[in-house]
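All remarks here apply to the structure that follows.
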Amino acid sequence: MSIKEIKSRLSILTVLAHYDLQLDRNNMLKCPFHEDAKASMRVYPQTNTAYCFAGSCKVDNLDVIDFVMQMDNSTKHAAIKKCEQLLSDQGELPKVQRKAKPAPQPVAHAFNAHLKSFAAHKKAREYAQGRALDCQALEIGYKSQKAKDHWARGCIIFPLKNALGEVVSLYGRGVFHDGHYYQSGRSGLYPAYPPAHTTTLVLTESVIDAATLLHTELGEGVAVLALYGTNGLTDEHRQAIQKLPQLEEIIFALDPDEAGRQATQAIAKTLSALSSQWILSTIELPETYDLNRFAMQKADWRERLQDLLAERQTIRTPDGQATSPTTVNLPSPAPSQLDSSNPHDLRFTTAQAVYRVKGG
């Protein structure tokens, strides 16, 4: 057998197994040819070679014949004969036992650790409270800035769930920086798949907007579902919405900027194709306010939100006809009216706004 055949056919892994040498998960091992405090030799199974990166080592690049010759301190002829014998015995030799890679940590298990971290981290709790989030009722985690894994470090963490209610992916929002993080291969919905008895579904532009609305009195049969940005209506969203047997209305609560308005029209058109029986409507948030910022800066935001929901604008009725992307069907302007029936809650209604004076 030629030297070329031996080098191509004899696996370096077989040679390592013969000498009871084991690789780590990075194909590294402590070099057997010098005193090696740490793994400085890398093995390349695709070329059946090895290379020692230690400058003090007597060898550097080795093929299978060189490796045997150095291990046995033999001649090249003797090393070739031994390699031929290893080739003939290759099917009977045990495979190299590599150190097993640690099993990937289940997402739910990781999130439980983040929950504990949030409970113990004062600044994370203060940040969430400052964002008008209910820290007691919501599932919020925190990932330390010192975590080994760089993904979403220094973020509060929200769970995305599958149809069984299992945590399958995570979303991070920066506490010390303005960052948004989804895991690679994102799946799941926030806060969860809407329950089957949902009659009204409120779509928000972001996870933190949806979290703001949770545990707020929105009415019987009303559920909240977060989109993942203005282009964040996924196939999973569509499938979950389409499977709601009692759904009657979808309310868009996206940001009041141009991107939010365009997304509302585009997503309304997409949802219209799924069913002609749903009412599609939108609430008009004050300019420059997304839902979360609205809650942060308005002490009476819950009462104001009820007013916005009551005054929502229909953009499609169950006749299956969606409005043009440039128009919205607005109600006819009502005449200005003063309601003083409750002296502790005076209301002056115009075509543009409702003014309230509370107190007495």
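Counting begins at 1 with the first residue of the sequence. Everything quoted here is computed from the prediction, not taken from an experiment.
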Practice item. Just do the salt bridge (charged side-chain N to carboxylate O under 4.0 Å, His left out) check on Lys30 and Glu35 with the steps written out, would you? Key: CA-CA 8 Å; Lys30 290 184 178 180; Glu35 292 294 329; over 6 Å; no
Check your understanding: From Glu220 CD over to Leu218 CG, what is the distance, rounded to the nearest 0.5 angstrom?
Key -> 12.0 Å
Review point. Does a side chain donor of either Asp209 or Ser206 reach within less than 3.5 Å of an acceptor in the other side chain?
Key: yes
Review point. Got a salt bridge between Arg131 and Glu126, using NZ or NE/NH1/NH2 to carboxylate O under 4.0 Å?
Key: no
Practice item. Without swapping roles, check the side chain of Arg312 against the backbone of Leu309 for a donor-acceptor pair under 3.5 Å. Key: yes
Check your understanding: What about Met296 and Val207, same hydrophobic cluster or not, with Ile/Leu/Val/Met/Phe/Trp/Tyr joined at side-chain heavy-atom distances under 4.5 Å?
Key -> no
Check your understanding: Do the non-hydrogen side-chain atoms of Leu189 and Leu160 ever get within less than 4.5 Å of each other?
Key -> no
Practice item. May I ask you to decide whether Lys7 forms a salt bridge with Glu84, counting only side-chain N to carboxylate O separations under 4.0 Å? Key: no
Practice item. Evaluate whether atom CG of Asn26 has more than 12 neighbouring non-hydrogen atoms of other residues, nucleotides or ligands under 6.0 angstrom away. Key: yes
Exercise for review: Taking the side chain as every heavy atom from C-beta outward, state whether Glu205 and Asp290 have any atom pair closer than 4.5 Å.
Suggested key: no
Exercise for review: Could you check if a side-chain atom of Leu115 sits within less than 4.5 angstrom of a side-chain atom of Ile157, using non-hydrogen atoms only?
Suggested key: no
Check your understanding: Under 6.0 Å between ring centres, would you say that holds for Tyr142 and His114?
Key -> no
Study note, to complete from the structure: Heavy-atom nearest pair, Leu254 first then Ala263, reads CD2-CB, 3.7 Å
Point to revise | Member of Ile283, Leu201, Thr204, Thr282 meeting the side-chain contact (heavy atoms from CB on, under 4.5 Å) criterion with Phe252 | key: Thr282
Check your understanding: Is there a donor-acceptor contact under 3.5 Å from the side chain of Gln145 to the main chain of Arg153?
Key -> no
Review point. Can we call the ring centroids of Phe158 and Tyr181 under 6.0 Å apart?
Key: no
Review point. So, does Arg316 use its side chain to make a donor-acceptor pair with the main chain of Trp278 at under 3.5 Å?
Key: yes
**Study point:** Flag, side chain of Thr270 to backbone of Ala266, donor-acceptor distance under 3.5 Å
**Key:** yes
Point to revise | Side-chain touch Val168/Ser187, heavy atoms, less than 4.5 angstrom | key: yes
Practice item. Identify the heavy atoms of Gln183 and Val107 that sit nearest to each other, and give their distance. Key: OE1-CG1, 4.3 Å
Exercise for review: Indicate the atoms forming the closest heavy-atom contact of Cys83 with Val68, along with that distance.
Suggested key: SG-CG2, 3.8 Å
Point to revise | Asp20, CG: over 12 other non-hydrogen atoms inside 6.0 angstrom | key: no
Check your understanding: Are Thr49 and Asp63 linked by a side-chain donor-acceptor pair shorter than 3.5 Å?
Key -> no
Exercise for review: Please report the C-alpha distance between Glu236 and Lys243 in whole Å, then the side-chain angles of each, then the deciding distance to 0.1 Å, and finally whether the salt bridge (charged side-chain N to carboxylate O under 4.0 Å, His left out) criterion is met.
Suggested key: CA-CA 11 Å; Glu236 196 168 3; Lys243 290 179 180 178; over 6 Å; no
Check your understanding: Does the side chain of Gln313 come under 3.5 Å of the side chain of Ser281 through a donor N or O and an acceptor N or O?
Key -> no
**Study point:** Heavy atoms from other residues, nucleotides or ligands near NE2 of His177 exceed 12 (cutoff 6.0 Å)
**Key:** yes
Review point. Between Tyr228 and Tyr182, does the ring centroid distance fall short of 6.0 Å?
Key: yes
Review point. Side-chain contact, heavy-atom cut-off 4.5 Å: Cys135 with Phe118?
Key: yes
Check your understanding: So do Trp301 and Thr216 actually touch side chain to side chain, heavy atoms under 4.5 Å?
Key -> yes
Check your understanding: Between the side chain of Arg304 and the main-chain N/O of Lys298, is any donor-acceptor distance below 3.5 Å?
Key -> no
**Study point:** Over all atoms of both residues, closest heavy-atom pair of Leu29 and Gln22
**Key:** CB-O, 3.5 Å
Review point. If every non-hydrogen atom of Ile208 is compared with every non-hydrogen atom of Thr212, which pair is closest and at what distance?
Key: O-OG1, 2.7 Å
Check your understanding: Between Thr264 and Gly260, is there a donor-acceptor pair closer than 3.5 Å when you use the side chain of the first and the backbone of the second?
Key -> yes
Review point. Between Asp307 and Glu311, is there a donor-acceptor pair closer than 3.5 Å when you use the side chain of the first and the backbone of the second?
Key: no
Review point. Taking atom types as modelled and ignoring hydrogens, do the side chains of Tyr289 and Asp257 form a donor-acceptor contact shorter than 3.5 angstrom?
Key: no
Check your understanding: Among Asn48, Leu23, Asn27, Leu21, which one satisfies side-chain contact (heavy atoms from CB on, under 4.5 Å) with Leu13?
Key -> Leu23
Check your understanding: Counting distance only, does the side-chain N/O of Arg125 pair as donor-acceptor with the main-chain N or O of Ala119 below 3.5 Å?
Key -> yes
Practice item. State, yes or no, whether a side-chain contact exists between Phe53 and Met41 at a heavy-atom distance under 4.5 Å. Key: no
Check your understanding: Is it true that Met69 and Met71 fall in one hydrophobic cluster, defined by side-chain heavy atoms closer than 4.5 Å?
Key -> no
Check your understanding: Going only through I, L, V, M, F, W and Y residues with side-chain contacts under 4.5 Å, is there a path from Val64 to Tyr51?
Key -> no
Point to revise | Ion pair check, Lys143 and Asp149, cut-off under 4.0 Å | key: yes
Revision key, fill the gap. On a heavy-atom basis, the closest approach of His34 and Ser56 is CD2-OG, 4.2 Å
Point to revise | Other residues, nucleotides, ligands: >12 heavy atoms within 6.0 Å of Lys38 NZ | key: no
Check your understanding: Would Leu203 end up clustered with Ile279 when hydrophobic side chains under 4.5 Å apart are linked, directly or stepwise?
Key -> no
Practice item. Check the pair Asp72 / Tyr19 against side-chain hydrogen bond (donor to acceptor under 3.5 Å, both in side chains), numbers first and verdict last. Key: CA-CA 10 Å; Asp72 292 352; Tyr19 293 108; 2.9 Å; yes
Point to revise | Shared hydrophobic cluster for Tyr44 and Met28 (ILVMFWY, side-chain gaps under 4.5 Å) | key: no
Practice item. Would you check if Glu139 and Lys161 make a side-chain contact, meaning some heavy-atom pair closer than 4.5 Å? Key: yes
